[in-house]
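All remarks here apply to the structure that follows.
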Amino acid sequence: MEDKEFSGKVALVTGAATGIGRASAIKFAAKGAKVICSDVNEISGNKTVSKIIENGGLAHFIRADVSNGSEVKALMEQIIKSHNQLDFAFNNAGIGLFDKPIDQCTEEDYDKVMNINLKAIFILTRDLMPLLLKDASQENPSRVINVGSIDGLRVSTTDNFAYGASLSLIHI
């Protein structure tokens, strides 16, 4: 039986449709948190929610492009309406251009990666901070977790350049 140390807590997980985001959302729920799964992929995001519910957890899905300020504001409004609380912001949404060498990467490609992998962390943290701090105290601290990658420590010059460059800034 899993320790329910996050009972009564609310966790937002971005990029919750697959991979690390899905696994993290499931783990937050297993620890007792109510989980808000967010992603642009509604079908896979709702599959994450279904897995959490099947395991006895509490979760729901809110679609949001976290690189878009107005969508993040709408996400925050929905969190306030449904929970009026946020204890964890797990900023995991991210993309890469794994199939494009740098000489085929356009400025639009680069901007898209930077907006999702880097700018979104700023927007989310800025806009969610009032809600994160609302009930926070030394006994009940809120947390912001920004997910990075080893690729941020070893930027490639030939492929996946934008991905590595965006993540190297997270490690500063």
Side-chain angles (χ1 to χ4, degrees), residues 1-99 112-113 115-132 134-136 140-152 160 163 166-167 170:
M1 181 168 187
E2 192 79 42
D3 176 21
K4 301 292 184 182
E5 69 181 289
F6 297 158
S7 183
K9 307 281 187 190
V10 176
L12 167 66
V13 178
T14 67
T18 61
I20 292 170
R22 176 176 281 168
S24 299
I26 290 168
K27 190 66 170 179
F28 271 113
K31 293 276 189 179
K34 297 173 192 166
V35 182
I36 302 155
C37 298
S38 188
D39 205 291
V40 294
N41 185 331
E42 292 182 54
I43 293 170
S44 290
N46 280 307
K47 285 181 182 176
T48 301
V49 169
S50 293
K51 287 181 183 288
I52 290 169
I53 293 170
E54 286 169 14
N55 291 329
L58 298 171
H60 68 276
F61 180 79
I62 301 174
R63 190 215 173 276
D65 174 350
V66 292
S67 68
N68 180 309
S70 62
E71 290 194 30
V72 171
K73 285 193 187 308
L75 173 64
M76 183 178 73
E77 289 168 6
Q78 290 180 58
I79 294 169
I80 290 170
K81 185 177 178 180
S82 62
H83 300 285
N84 199 30
Q85 164 187 354
L86 187 63
D87 302 285
F88 303 102
F90 192 83
N91 297 327
N92 175 69
I95 63 165
L97 298 172
F98 302 105
D99 59 344
K112 183 176 181 180
V113 171
N115 284 340
I116 293 170
N117 294 0
L118 195 56
K119 182 181 167 189
I121 290 173
F122 161 72
I123 293 170
L124 279 159
T125 305
R126 178 196 66 194
D127 291 353
L128 295 174
M129 194 56 65
L131 190 54
L132 282 161
K134 179 177 166 277
D135 297 319
N140 183 34
S142 57
R143 301 278 193 251
V144 176
I145 302 125
N146 298 321
V147 177
S149 167
I150 190 69
D151 284 347
N160 214 15
Y163 177 75
S166 71
L167 295 172
I170 292 172

Handout entry: side-chain contact (heavy atoms from CB on, under 4.5 Å) assessment of I116 paired with K112
Key = CA-CA 6 Å; I116 293 170; K112 183 176 181 180; 4.1 Å; yes
I'd like to know if the side chain of [X] reaches the main chain of [Y], judged simply by a donor and an acceptor atom lying under 3.5 Å from each other, with no hydrogens or angles considered.
{"X": "S38", "Y": "I62", "answer": "yes"}
{"X": "S44", "Y": "T18", "answer": "no"}
{"X": "N117", "Y": "I95", "answer": "yes"}
{"X": "N92", "Y": "G15", "answer": "yes"}
{"X": "D87", "Y": "V10", "answer": "yes"}
{"X": "S142", "Y": "L132", "answer": "yes"}

Do [X] and [Y] come within less than 4.5 Å of each other through their side chains, counting heavy atoms only?
{"X": "V13", "Y": "F88", "value": "no"}
{"X": "R63", "Y": "D39", "value": "no"}
{"X": "I36", "Y": "Q78", "value": "no"}
{"X": "L128", "Y": "V144", "value": "no"}
{"X": "L75", "Y": "L12", "value": "yes"}
{"X": "R22", "Y": "K47", "value": "yes"}
{"X": "N84", "Y": "K134", "value": "yes"}
{"X": "S24", "Y": "I145", "value": "no"}

Please report the interatomic distance [atom1]([X]) to [atom2]([Y]), rounded to the nearest 0.5 Å.
{"X": "I123", "Y": "K73", "atom1": "CD1", "atom2": "NZ", "value": "9.0 Å"}
{"X": "N46", "Y": "H60", "atom1": "CG", "atom2": "NE2", "value": "10.5 Å"}
{"X": "L131", "Y": "I80", "atom1": "CG", "atom2": "CD1", "value": "5.0 Å"}

Please give me the minimum heavy-atom distance between [X] and [Y], naming the atom from each residue.
{"X": "K9", "Y": "Q85", "result": "CA-NE2, 3.8 Å"}
{"X": "A25", "Y": "T48", "result": "CB-CG2, 3.9 Å"}
{"X": "A33", "Y": "A11", "result": "CB-CB, 4.3 Å"}
{"X": "F61", "Y": "N41", "result": "CZ-O, 3.9 Å"}
{"X": "C37", "Y": "I52", "result": "SG-CD1, 4.0 Å"}
{"X": "A93", "Y": "V66", "result": "CB-CG2, 3.7 Å"}

